[in-house]
Each structure stands twice: as structure tokens, then as C-alpha cells.
2 protein chains.
Amino acid sequence: MINLTVTIKDIAKLAGVSYSTVSKALNNSPLVKEETRRKILDVACEMGYEPNLAAKQLVRKKTDVIGLMWPTIERIVLATLVTNISKAFEKTPYSMILSVDAQETAVDTFRKFQVDGMIVFGESKHMHLYDYTIPFVVYGVSESTQPLYPIIDANHEASMYKAVEHLHQLGHRQITYIGQYDKSDALQIEKVDGYVKAMKKLHLADYIHIVDSNGLNWFDGYSAIDRALESKPTAMIGGSYDLSGGMIRALQEKGFSIPHDISLISYDNIPQMANMEVPMTCIGVPVHLLAEEIVQAIIHQIESPTEEPTVKKLTPTLTIRESTGPSPEPSDS
Amino acid sequence: MINLTVTIKDIAKLAGVSYSTVSKALNNSPLVKEETRRKILDVACEMGYEPNLAAKQLVRKKTDVIGLMWPTIERIVLATLVTNISKAFEKTPYSMILSVDAQETAVDTFRKFQVDGMIVFGESKHMHLYDYTIPFVVYGVSESTQPLYPIIDANHEASMYKAVEHLHQLGHRQITYIGQYDKSDALQIEKVDGYVKAMKKLHLADYIHIVDSNGLNWFDGYSAIDRALESKPTAMIGGSYDLSGGMIRALQEKGFSIPHDISLISYDNIPQMANMEVPMTCIGVPVHLLAEEIVQAIIHQIESPTEEPTVKKLTPTLTIRESTGPSPEPSDS
DNA sequence: TTATTAATTGAAAACGTTATCAAAAGGGAG
DNA sequence: CTCCCTTTTGATAACGTTTTCAATTAATAA
């Protein structure tokens with residue numbers, strides 16, 4: 001049982017050494033003899049010692065804490081990423097705290113806490129985070145030119161290419177895309193563009209069919225199916241997790257068997273994809289890798305802050321499960 | 001612009017006073033003359049002074065920070081509550097940090113940060129949070145006997161009564177309930193029980209009709225409508241926000257007009273209810289009040305921790321919007 | 001005036017660490 | 001046995017606050 005009232009001095013007394021030696025021992029300094037280190041550690045453990053973060057921070061001027069700004073908590077899309085980032089931090093000396101406040105408030109809170117760095121979801125045009133001196137990285141912003149801050153993002157174009165390519169290799173030609181086509185949402189547009197480019201590259205330009213789901217929720221996918229079926233596709237790509245859930249259900253209700261009659265690939269590479277009504281083949285950067293990269297990026301930014309900011313586009317993975325199979329039609333194209 | 005390198009001593013030098021006086025001035029101590037206080041505050045403001053939390057914490061042994069444990073971040077139900085709690089804290093001297101880790105990890109993190117208190121969502125049977133010395137309150141646990149820790153919860157039975165009563169007054173008799181009936185989920189069961197009790201109390205026992213939605217998502221509500229219509233109801237009560245969204249859509253697709261043909265009340269009292277396809281009449285504790293109560297409870301718990309823990313059941317509010325109206329049938333019962 | 005009290009200010013200790021040196025102990029070599 | 005060098009340990013000064021109590025100043029009464 002941890003006891004927060006035990007200090008380094010108590011340990012020193014019990015171990016019969018000076019408290020500066022205890023400090024060194026606890027920080028694995030090479031300056032202390034192995035034997036005494038062992039003894040000190042034993043005593044510390046026995047007393048349930050837990051270092052006082054505030055005291056440490058006061059002298060080190062470092063908190064080993066990173067703040068994650070997530071003002072749009074109601075939009076669940078990022079929840080899985082957040083938990084994965086949290087887990088990724090466990091393997092590092094850093095811990096993470098989360099703020100759900102508006103960006104201005106959040107950055108103030110983090111400054112008060114003196115976090116060593118920040119992770120920012122999306123971009124806020126009205127804020128100049130780089131005016132502050134806290135290192136930060138941004139996730140999920142499309143920016144190809146020289147950025148003002150380090151950006152981590154998935155390579156959506158490459159994702160779409162992999163999806164189309166996979167279906168093409170299985171003999172599919174009529175591959176229909178269902179997703180949101182909202183010009184103000186750069187991320188969605190990038191997916192659509194990626195789909196179009198990939199189809200063209202694979203000489204499937206004639207088969208391009210984009211169905212605007214008018215949203216990214218379950219029911220948007222469910223109700224887009226009728227329009228999608230107009231092109232008599234043998235395969236479909238769903239633009240996001242929730243969307244694909246609705247698509248599966250609608251197809252099954254109409255008597256289609258997946259993947260026998262129609263193959264399905266979904267965007268977003270999260271573990272939940274394996275637990276859907278039909279285990280989903282999906283593309284995208286696996287969310288635990290994404291988390292890992294984001295964590296690495298911010299730590300790098302903290303520890304060598306001088307470098308020029310770069311955009312890091314992560315290579316997506318195609319995760320093949322049971323929702324894709326060979327095209328039912330003879331591929332006589 | 002805030003400058004974290006400015007200390008109390010810098011201010012003292014510039015203001016021509018001792019740094020202990022500065023400390024008092026900044027803490028609004030009555031021991032310092034108004035005139036000097038003013039001057040010090042001016043200097044502090046001009047220099048962009050921000051107190052060092054670590055130093056403060058070291059001597060005060062208090063952080064003014066409260067930790068919120070929310071391990072099931074993927075279940076969005078509580079997101080609105082979290083943002084409201086966060087906002088509620090803005091009016092207090094406390095700030096909030098969030099941990100999405102498993103309870104064991106979360107409590108360790110919070111201990112390290114030396115939070116003054118914790119808010120726990122739901123209960124974890126395997127953990128004895130009261131073994132630790134940090135004050136905490138629990139939200140959303142049904143427990144009527146003498147609890148081991150302070151509990152805040154909505155009065156679900158009273159909620160249901162208000163809902164049924166409202167519909168009854170509008171002349172409705174056949175009031176059908178759609179919700180999850182999962183025996184292992186105490187909260188859902190409480191709602192169903194509340195509905196049954198209310199119907200009986202209002203002499204509507206013959207009209208009781210419970211439709212198990214087998215879940216709490218949008219589509220669960222959507223697809224439960226057919227079964228609900230079997231009893232030819234003039235009114236329905238939906239067990240949660242998402243559920244009600246699906247119910248509205250299904251009813252509209254079938255050509256029912258709300259509230260002309262069928263009245264609808266939803267459980268959960270969140271602002272989003274006003275923005276649905278049909279602005280929803282709803283019951284439940286308004287989420288901002290709930291947040292307020294939770295915040296008050298943990299602060300109380302911190303500041304007078306000796307009292308016996310109690311269960312606080314909050315009185316629900318019926319918020320009437322456009323989804324309820326008079327029964328289309330003559331109320332000749 | 002001078003003594004007495006009240007209002008204001010300041011000096012210094014404390015909070016629990018880390019970090020920097022100086023001091024002590026140990027180990028060879030001459 | 002002494003000297004020097006290496007290893008290990010310990011004193012002490014920070015870090016930026018709050019808090020306690022002593023010291024000063026101002027105000028009042030005698």
C-alpha cells in the first residue's frame with residue numbers, strides 16, 4: 001500500500017544513509033553502490049514510498065506530463081484513439097492528462113500544470129499555439145506544404161488505393177464508395193479523392209460511383225445502400241466505422257450475403273472492426289500504431305524541439321477479414 | 001501574455017516590497033493595505049505573472065485538482081455529462097483532469113498528482129476505493145441502503161412517474177415503453193420498474209406494454225417500433241437519447257406525425273434533445289444540474305470528509321417540447 | 001509628549017525533491 | 001606507509017510558494 005506521507009528523509013533514517021544518497025538510489029544513479037541501492041530500494045518499497053511530484057517538478061522544471069486537448073468529446077470517433085494513446089504512454093516515462101475544455105481554456109490549464117507537451121486534435125484556425133512555448137503536435141490536419149507545427153496524419157490516398165487494389169485483385173470491377181462528401185471537411189474529401197484516383201489508376205474509371213451518405217453515422221450508411229445498389233456493385237467501400245455498420249445491416253436485410261454477393265471494406269482500422277456482424281476487412285492506420293506514432297512524435301518534439309516541423313503521413317494497413325471475397329461475376333472486363 | 005518564468009520575487013523587487021507581502025496580496029489577504037495590494041496586483045499583471053502550481057502545492061498540500069475517472073470512454077453516453085462537469089468546475093477554485101485508464105491505473109495517476117478528490121462513474125466491484133485516503137463520490141449506482149461512499153444518482157422512478165403522468169394528463173392511455181430490459185443493467189431495470197409502477201399508480205395497469213430494444217443505440221430504437229405499434233399506442237416513452245432518435249425516424253417513415261398521431265417522451269435530459277428531428281419532450285435530471293450536483297458533492301466531500309456517506313437521489317425535471325400533445329383518441333376510459 | 005494598541009510589513013522556516021560539490025572511504029602503486 | 005586516484009557518500013543550496021511570527025509603522029489614548 002502506497003503511503004504518500006513517507007518522504008525521502010524517512011527512508012534515509014531507516015536505511016542509515018543521507019537523504020541525498022536516497023535520492024540518487026531512487027533515480028538509479030550510477031554514483032551509488034549496488035549494495036546500498038538495493039537496501040534503500042527495499043526500505044522504500046516496504047514503507048510504501050511514493051515520490052512527491054510537486055517537489056520533484058519544482059526543482060526539475062519538468063513534469064513528465066503531456067496534455068491531450070480534445071474539445072469535441074461528444075464526437076466519439078476519436079475515443080478509441082484516445083484510449084490507445086493513453087495506453088501508449090504507459091510504456092514511456094510520461095503520463096497523460098486530458099482536457100475537454102475549449103482550446104483556450106485547455107491551454108491555460110495545461111500551462112498551469114506545466115505540462116511538458118501537448119497533443120492537439122484537429123486544428124483551430126483562430127489559435128496560435130506556437131505563440132506559447134509549450135511543444136505540441138497536431139493530429140489529423142491535411143497540410144502538404146511546409147507546416148508551422150509538426151503534424152501526424154494518416155495517408156488517406158494510400159489507404160484508398162490499397163482498398164481498391166485489394167478488391168480489384170479479387171476480380172471486382174464495380175466498386176462503389178459510400179461516404180460523406182462535405183466540401184468543408186478536408187478529411188472526407190481526401191478519402192473521396194483517394195478513391196477516384198485509385199479507380200483511375202487501376203483503369204476502373206468507368207466504374208466510379210460515389211454515394212454521398214450525408215453524414216457519418218450508422219443510419220447514414222444504412223440508408224445510403226439503396227442508392228449504392230443502383231450501380232449493381234460487387235463491392236463497396238464504406239467511409240467510416242459507423243457508416244459500415246449500417247451498410248452491413250441494410251445489405252443483410254435485403255438478402256445479400258457478405259462477402260458472397262457483395263464484398264465490403266471499411267475505412268478506419270480499429271479493433272472493433274473484428275467484432276461486427278461480419279468481421280470487417282478494413283484499411284487505415286491501425287489505431288494502436290497511430291497512437292504510438294503520436295506519442296513518439298510529441299516526445300521527440302519535447303526532447304529535440306529545434307528541428308523544423310514536418311508532416312508525417314503514416315502508411316496505412318489493409319487488414320483482411322471476412323467481409324471481402326472473390327467477385328461473384330466472371331471478371332471478363 | 002502569461003510568463004511562467006516570473007516569480008513572486010521579481011514582483012517584489014519591482015513593487016519595492018518583500019516577497020511575503022506579494023504572496024499575501026496575491027491571495028487577497030486582509031493583512032495587506034489596499035493601496036499596496038493594488039500596486040502589487042498591477043505589477044503582477046503587467047509582468048504576466050502566473051503562480052507556480054508545484055511550489056504552491058508543495059507547501060499547501062493541496063492541489064485544487066479533482067480527478068474524473070472515466071474508463072469507458074468509448075461509450076459516449078456520458079460525454080455530455082463530462083463536458084458539463086468540466087464547465088461546472090470553472091465556477092469553483094478547482095480544476096478537473098480526466099483519466100481514461102482502467103480504474104487501478106487511474107487511481108494511481110491521481111494519487112501521483114495528489115488530486116484533492118475523485119469522481120467515479122459507475123462502480124467497480126473489485127476495487128475498494130475507500131482503502132485509499134482520497135475523498136471521492138460515485139455517480140450512477142443504484143443503492144438504497146446505507147452506502148459505503150457518497151452516491152449521486154437520478155431518481156429514475158420519479159422520472160418515469162412524471163413522464164407517465166404528463167401523458168396521462170394529455171389524455172393518453174396506451175403508453176408503451178421502449179427500452180433495454182437487461183437484468184444485469186440495474187439502471188435500465190430501474191427505468192422499466194419505474195414505468196410499471198407509474199402505470200399502476202395511475203390505474204393504467206391494463207395498458208402496460210414493454211418492448212425490449214435489446215440495446216440502447218439508434219437502430220435499436222428504429223427497429224423496435226414495429227413491435228411497439230402492436231399495442232396501438234397513442235404515446236411512447238423511449239429509454240434513452242439514441243433510442244429515441246431511431247424511434248422518431250421509424251415513426252415518420254411509417255407516416256405517423258409527432259405529436260399529432262403519437263406522442264413521444266425520451267429519457268435523458270440533455271440539451272441535444274431540443275435539436276432532434278422533432279424537438280423532444282424529455283425527462284430526467286437536466287445534465288447541467290446533474291453536473292452541478294456532482295461537483296458540489298465532491299467539493300463537500302473534500303471540505304467536510306467526516307460525515308456519513310449518503311445516497312443523493314436527484315429530482316428529475318419534465319422538459320416539455322414539441323413531441324407531446326393531446327391524445328388523438330377520445331379519453332373515454 | 002509618551003505609552004499602548006492596531007495595522008502593516010518583512011524575515012525566515014518549511015514543503016520534498018534534485019543537483020552540485022566537497023568530504024570520506026577504499027584501492028593500488030611506489 | 002604514504003600518496004594519489006577512484007569510488008562512494010553526505011552537506012547544502014536551490015526550486016517558488018505559503019505561513020508564522022517578529023518588527024516596524026501608524027494611530028489612538030493618556
Would you indicate which nucleotide in [options] comes nearest to any side-chain atom of [X]?
X: A:Leu31; options: C:dT9, D:dT8, D:dG10; result: D:dT8
X: A:Tyr49; options: D:dT19, C:dA19, C:dT17; result: C:dT17
X: A:Leu58; options: D:dT9, C:dG10, D:dG16; result: D:dG16
X: B:Lys9; options: D:dT12, D:dT9, D:dT17; result: D:dT17

- [ ] Could you tell me whether the side chain of A:Ser18 has a donor or acceptor atom within less than 3.5 Å of a complementary atom in the base of D:dA11?
- [x]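 Counting by modelled atom types and ignoring angles, no donor-acceptor contact under 3.5 Å is found here.
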Task: Under-3.5 Å donor-acceptor pair between A:Lys61 side chain and D:dG16 base - done: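 For A:Lys61, whose side chain was compared with the base of D:dG16, there is no donor-acceptor pair (under 3.5 Å).
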Length of the [atom1]-[atom2] vector between [X] and [N], whole Å:
X: A:Lys24; N: D:dT12; atom1: NZ; atom2: C1'; answer: 12 Å
X: A:Ile11; N: C:dT17; atom1: CD1; atom2: P; answer: 8 Å
X: A:Gln114; N: D:dG16; atom1: CD; atom2: C1'; answer: 10 Å
X: B:Glu35; N: D:dT25; atom1: CD; atom2: P; answer: 16 Å
X: A:Phe113; N: D:dG16; atom1: CZ; atom2: P; answer: 19 Å

Open item on the list: Reading DNA chain C from 5' onward, which residue's closest nucleotide shows up sooner: B:Val17 or A:Arg60?
Closed with: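 Comparing both residues, the 5'-ward one is B:Val17.
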Task: Pairwise 5' ranking along DNA chain D for A:Tyr19 and A:Val59, keeping only the more 5' one - done: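 Mapping each residue to its closest nucleotide by heavy atoms, the 5'-most match is A:Tyr19.
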- [ ] Give the ring-plane orientation class for B:Tyr139 versus B:Phe121, where under 30° counts as parallel, over 60° as perpendicular and anything between as tilted.
- [x]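 Correct class here is perpendicular.
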TODO: Anything under 30° is parallel, anything over 60° is perpendicular, the rest tilted; go ahead and classify A:Phe113 against B:Phe113.
DONE: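 Ring orientation, 0 to 90° scale: perpendicular.
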Open item on the list: Please classify the nucleic acid contact of B:Thr7 as base, sugar-phosphate, or nothing, using heavy-atom distances under 4.0 Å.
Closed with: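 The answer is sugar-phosphate, as B:Thr7 gets under 4.0 Å only of primed atoms, P, OP1 or OP2.
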TODO: Under 4.0 Å between any heavy atoms, over every strand shown, what does B:Ser23 touch: base, sugar-phosphate, or nothing? Just pick one.
DONE: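 Touches a base.
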Which heavy atom in [X] sits nearest to a heavy atom in [Y], and how many Å separate them?
X: A:Tyr94; Y: A:Val65; result: CD2-N, 4.2 Å
X: B:Ile11; Y: B:Val22; result: CG2-CG1, 3.9 Å
X: B:Pro135; Y: B:Ile298; result: O-CD1, 3.8 Å

Open item on the list: For D:dC15 and B:Asn52 - does any side-chain N or O of the residue sit under 4.0 Å from the phosphate oxygens OP1/OP2?
Closed with: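 Answer no for this pair, as no side-chain N or O of B:Asn52 is under 4.0 Å from OP1 or OP2.
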TODO: Using only side-chain N and O atoms of A:Thr36, determine if any of them is under 4.0 Å from OP1 or OP2 of D:dT9.
DONE: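 Indeed, a polar side-chain atom of A:Thr36 lies that close.
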